[in-house]
Protein chains: 2
Amino acid sequence: MSKAANTRLTILQKAFELIYSKGYQTTSIDDIIATTQVTKGAFYYHFKTKDEMGVAIIEEILRPTMLESFIKPVENSANPIEDFYNMISYLLLDDPFLQVKYGCPVGNLTQEMTPWNNQFSKALTELVDQWKITIEKAVANAQKSGLIRKDVNGEQVAYFIMSGYWGIRNFGKLQDNNSCYIVYLKEFRNYLNSLK
Amino acid sequence: MSKAANTRLTILQKAFELIYSKGYQTTSIDDIIATTQVTKGAFYYHFKTKDEMGVAIIEEILRPTMLESFIKPVENSANPIEDFYNMISYLLLDDPFLQVKYGCPVGNLTQEMTPWNNQFSKALTELVDQWKITIEKAVANAQKSGLIRKDVNGEQVAYFIMSGYWGIRNFGKLQDNNSCYIVYLKEFRNYLNSLK
DNA sequence: GCTGTTTCATACTAATTGGTATTTTTTATG
DNA sequence: CATAAAAAATACCAATTAGTATGAAACAGC
């Protein structure tokens with residue numbers, strides 16, 4: 001990787017960490033250049049505005065990790081019920097990229113940016129839609145193989161799973177404690193079994 | 001109500017509307033005094049800091065409406081399954097206090113303020129805990145009267161319902177469209193029936 | 001109607017914000 | 001090594017931020 005591409009990536013990564021922990025609005029350019037040791041000139045050479053950098057974070061940092069942790073685990077799944085559970089369980093309890101007290105990066109940005117920045121909304125919607133479609137496909141496959149009842153509606157299940165995940169992440173954040181995740185996962189297991 | 005108490009309430013109400021639609025950080029004191037037509041002197045007479053006003057909003061604006069829409073509908077409920085559904089349905093589709101594109105005020109503040117303001121977290125936790133306890137009690141009652149299975153865990157159900165609500169509100173916000181609420185409610189109905 | 005307290009108005013400040021203009025350094029290519 | 005372009009460094013700016021200092025009305029009880 002060229003040196004220039006490297007500073008660009010450093011900015012994105014460090015800025016993401018700051019934004020994930022502090023929020024987008026409260027992370028200033030000065031914050032970013034202070035922690036990255038990159039000068040303002042370099043920053044604005046790589047990004048026209050702060051918002052352009054924000055969108056780049058979604059597309060170049062969040063999207064790949066989302067693909068790895070949210071899409072791959074259930075893509076072409078032979079046993080979606082089990083894989084849904086494992087995916088959510090991993091995300092809540094094990095994923096080293098995510099921290100209890102900071103919640104879900106995608107959820108955070110949605111809450112903060114959606115009402116007044118269309119570019120953010122669009123980029124976030126793409127991520128979320130991809131997850132939704134993956135879940136729907138997995139449900140359809142499981143219905144073919146008889147692991148999930150035929151009268152189950154894939155879109156409903158997708159929304160239900162995703163919203164539950166987003167919501168409980170908010171609780172973890174509020175309480176700064178993952179014990180609510182344990183309780184949640186038990187009921188999530190019950191719900192998944194009800195689809196059989 | 002005295003004139004002074006009235007200006008105080010006006011500040012809280014208008015500030016809440018601004019914060020609900022724009023976010024806490026991006027709502028400035030100048031914004032608030034501009035829309036309330038109250039001077040800065042008056043504002044700082046009633047509130048020592050912006051954060052003190054924020055906490056007051058949670059306790060004096062959010063708490064009462066929460067009690068009305070989140071607690072009362074399921075308190076002492078004779079048929080919790082039905083009342084759970086009606087409560088969530090009302091909140092998502094009918095409550096005039098809430099708007100699709102702005103999400104859930106409590107959820108918004110949690111996301112935005114929790115990582116770096118303890119007072120907010122504490123005030124929000126109180127609200128949320130009250131809701132949780134109410135749901136748990138309703139489940140216990142329904143188990144006594146045979147409307148919900150004895151092996152169902154009230155705390156798990158409470159977390160599951162609340163997190164689903166918070167999460168789907170995030171989707172509505174992202175899409176600025178309540179059609180996801182319709183889909184969600186169908187699956188929510190299925191889930192509730194699985195408790196019988 | 002006098003007086004003290006409550007309530008509000010005005011003018012200000014120091015710090016921070018995102019962004020720009022300009023210059024300097026680094027790098028690739030002939 | 002010369003040169004042009006890419007990349008980064010420096011110094012600045014206008015606007016906005018939460019909060020303050022100080023004084024003026026409004027209002028109470030006597």
Taking 4.0 Å as the cut-off, does a side-chain nitrogen or oxygen of [X] come that near to OP1 or OP2 on [N]?
| X | N | result |
| --- | --- | --- |
| A/Y45 | D/dA8 | no |
| B/H46 | C/dC8 | yes |
| A/T7 | D/dA8 | yes |
| A/T39 | D/dT10 | no |

query = Minimum heavy-atom separation for A/M87 to A/P73, with atom names?
reply =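 Shortest heavy-atom separation between A/M87 and A/P73 comes out as CB-CB, 4.3 Å.
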
Rounded distance (Å) that lies between atom [atom2] of [N] and atom [atom1] of [X]:
| X | N | atom1 | atom2 | value |
| --- | --- | --- | --- | --- |
| B/I33 | C/dA9 | CD1 | C1' | 10 Å |
| B/K48 | D/dT20 | NZ | C1' | 15 Å |
| A/M53 | C/dT17 | CE | P | 13 Å |
| B/L9 | C/dC8 | CG | P | 13 Å |
| B/R8 | C/dT6 | CZ | P | 16 Å |
| B/Q25 | C/dT17 | CD | C1' | 13 Å |
| A/D30 | D/dT10 | CG | C1' | 13 Å |
| B/F43 | D/dT17 | CZ | P | 13 Å |

ask   = Of the options A/Y165, A/Y184, A/F171, which is the one that meets B/W166 in a ring-ring contact (aromatic ring centres under 6.0 Å, His included)?
value =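 With B/W166 as partner, A/Y165, A/Y184, A/F171 yield a single ring-ring contact (aromatic ring centres under 6.0 Å, His included), made by A/F171.
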
key: First of A/D31 and A/G41 reached from the 5' end of DNA chain C, by closest nucleotide   =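 Looking at the nearest nucleotide for each, A/D31 comes out on the 5' side.
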
key: Residue whose nearest DNA chain C nucleotide is more 5′ - B/Q37 or A/S2   =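 Closer to the 5' end of DNA chain C: B/Q37.
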
ask   = Contact class for B/T49 vs. all strands (heavy atom < 4.0 Å): base, sugar-phosphate, or nothing?
value =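 Touches sugar-phosphate only.
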
message = Under 4.0 Å, counting only non-hydrogen atoms across every strand here, what does A/T27 touch: a base, just sugar-phosphate, or nothing?
response =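 Sugar-phosphate, no base atom in range.
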
ask   = Sequence neighbours excluded, which residues qualify as salt bridge (Lys or Arg N to Asp or Glu O under 4.0 Å) partners of B/K72?
value =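 Result, salt bridge (Lys or Arg N to Asp or Glu O under 4.0 Å) vs B/K72: B/E68.
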
task = Nearest-nucleotide wise, let me know which of B/K3 and B/I29 is further upstream toward the 5' end of DNA chain D.
result =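 Closest to the 5' end, via its nearest nucleotide, is B/I29.
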
key: Closest to side chain of A/Y44, choosing from C/dT20, C/dC8, D/dA18   =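 Out of C/dT20, C/dC8, D/dA18, the nucleotide with an atom closest to A/Y44's side chain is C/dT20.
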
ask   = Nearest of D/dA11, D/dA18, C/dT7 to any side-chain atom of A/K40?
value =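 Of the candidates, D/dA11 comes closest.
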
request  = Evaluate the criterion salt bridge (charged side-chain N to carboxylate O under 4.0 Å, His left out) for residue pair A/K132 and A/E155; output intermediate values, then yes/no.
outcome  = CA-CA 8 Å; A/K132 183 179 166 226; A/E155 193 189 15; 3.1 Å; yes

ask   = On a plain distance test, is the side chain of A/K50 in donor-acceptor contact with the base of C/dG19 below 3.5 Å?
value =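 Answer is no: no donor-acceptor pair is held.
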
ask   = Would you say the side-chain atoms of A/D51 and A/Y24 include a donor-acceptor pair closer than 3.5 Å?
value =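 Side chains of A/D51 and A/Y24: pair found under 3.5 Å.
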
